[in-house]
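Structure, as C-alpha cells:
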Amino acid sequence: ESNLSASQKEEMANQRAYEDLKAAKEAEIAAGQAQIEAKTGELADTDEKNAQSKVDVEDTKASLSADEQFLMMLKEKCQMTDKEWEERQKTRQLEMEAVSKALAVLSGDDAHDLFTKTFNPALLQRESSQNSDRRAAASKLLAGAASRLHSPRL
C-alpha cells in the first residue's frame, strides 16, 4: 500500500508537472503566434513602404532628368544671350568710336574752313513768289467751290 500510495503521489506530481509544462508551452505557442502575426503585419507595412519608396525614386529620377534637361537648355540659352550681348556691346563700341571720329572730322578746323569757303549766302532762295501765286489761286478756287457746295471741309 505504501508503494501504491507513493506511486499515486508520484503520478499526481508528474501529472501536475505535465499540466504546468503544457500550460507553459501553450503560453509560449500563443506568444509565438502573436509574434508571428505582429511580424507579418510589420512585413506587410515594410513591403508597402518599400513599394511606395520605389515609386518615389522613379518619380524623383524622372523629375531630376527633366530638371537637368531644363538646366542644359537654360545654360545654352544663357550662353547665346551672353554672346549676343557681347556682340551688341562690340557693335555699340564701334558705333561710338565712328560717331566720335565723325564729330572730330566735322568739328575740326579743316571742316569749318571748307564750309565757310563753300557757303555762299547769295545762293539761298529767299522766297517763292511763283509758288505763292499758284497757291493763292488754288485756295480761292477751293473756297469758291466750298461756298457753292456748302461744304466747309472742302
Side-chain angles (χ1 to χ4, degrees), residues 15-154:
Q15 182 69 25
R16 268 191 234 120
Y18 172 77
E19 293 293 329
D20 289 343
L21 181 63
K22 182 180 175 185
K25 291 298 177 183
E26 285 177 352
E28 283 181 25
I29 289 172
Q33 288 293 337
Q35 200 172 24
I36 287 173
E37 289 174 7
K39 293 292 180 180
T40 303
E42 286 179 24
L43 180 63
D45 289 344
T46 304
D47 287 345
E48 183 180 343
K49 286 180 184 177
N50 189 21
Q52 184 63 37
S53 296
K54 285 181 181 179
V55 169
D56 289 346
V57 165
E58 291 299 320
D59 290 346
T60 303
K61 284 181 181 178
S63 176
L64 177 63
S65 175
D67 289 346
E68 286 175 344
Q69 286 179 343
F70 177 75
L71 180 62
M72 287 174 42
M73 183 184 70
L74 189 62
K75 282 183 179 180
E76 288 177 10
K77 188 174 181 181
C78 286
Q79 286 176 349
M80 288 175 48
T81 304
D82 288 343
K83 191 175 181 182
E84 290 172 359
W85 174 255
E86 289 175 14
E87 288 179 19
R88 284 195 308 256
Q89 289 296 94
K90 287 179 184 177
T91 304
R92 295 301 173 268
Q93 186 64 33
L94 291 173
E95 287 174 354
M96 288 172 35
E97 289 176 13
V99 167
S100 295
K101 287 180 183 177
L103 283 175
V105 167
L106 290 175
S107 63
D109 289 336
D110 292 339
H112 186 266
D113 291 343
L114 182 63
F115 180 71
T116 54
K117 285 181 188 176
T118 59
F119 179 70
N120 188 354
L123 296 177
L124 290 178
Q125 181 179 353
R126 297 180 191 243
E127 67 180 81
S128 174
S129 61
Q130 184 182 20
N131 212 4
S132 298
D133 293 340
R134 285 186 186 166
R135 191 174 287 167
S139 177
K140 275 185 182 180
L141 179 67
L142 287 174
S147 65
R148 272 184 302 168
L149 297 174
H150 305 293
S151 175
R153 289 179 64 199
L154 190 65

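To the nearest 0.5 Å, atoms CZ (Phe70) and NZ (Lys75) are separated by 12.5 Å. To the nearest 0.5 Å, the span separating CD on Glu26 from CG on Leu21 amounts to 10.0 Å. Distance check, rounded to the nearest 0.5 Å: CG of Asp59 to CG of Leu64 gives 12.5 Å. Atoms CG and CG, on Leu114 and Asp109 in that order, are 12.5 Å from each other to the nearest 0.5 Å. The distance from atom CD1 of Ile29 to atom NZ of Lys22, rounded to the nearest 0.5 Å, is 10.0 Å. The CG atom of Asp82 sits 11.5 Å away from the CD atom of Gln89 when rounded to the nearest 0.5 Å.
Lys77 meets the salt bridge (charged side-chain N to carboxylate O under 4.0 Å, His left out) test with no other residue; sequence neighbours excluded.
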All N/O donor-acceptor pairs, side-chain side in residues 34-50, below 3.5 Å, sequence neighbours left out:
residue: Thr40; atom: OG1; partner: Ile36; partner atom: O; Å: 2.6
residue: Thr46; atom: OG1; partner: Glu42; partner atom: O; Å: 2.7

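One side chain, Gln15 or Glu19, offers a donor N or O that lies under 3.5 Å from an acceptor on the other.
Atom CZ of Arg88 sits in a crowded spot, with more than 12 heavy atoms from other residues, nucleotides or ligands closer than 6.0 Å. Annotation: Asp67, atom CG; neighbour count of heavy atoms from other residues, nucleotides and ligands within 6.0 Å is above 12.
Side-chain atoms of Ser65 never come within 3.5 Å of backbone atoms of Lys61 as a donor-acceptor pair (strictly under, hydrogens ignored).
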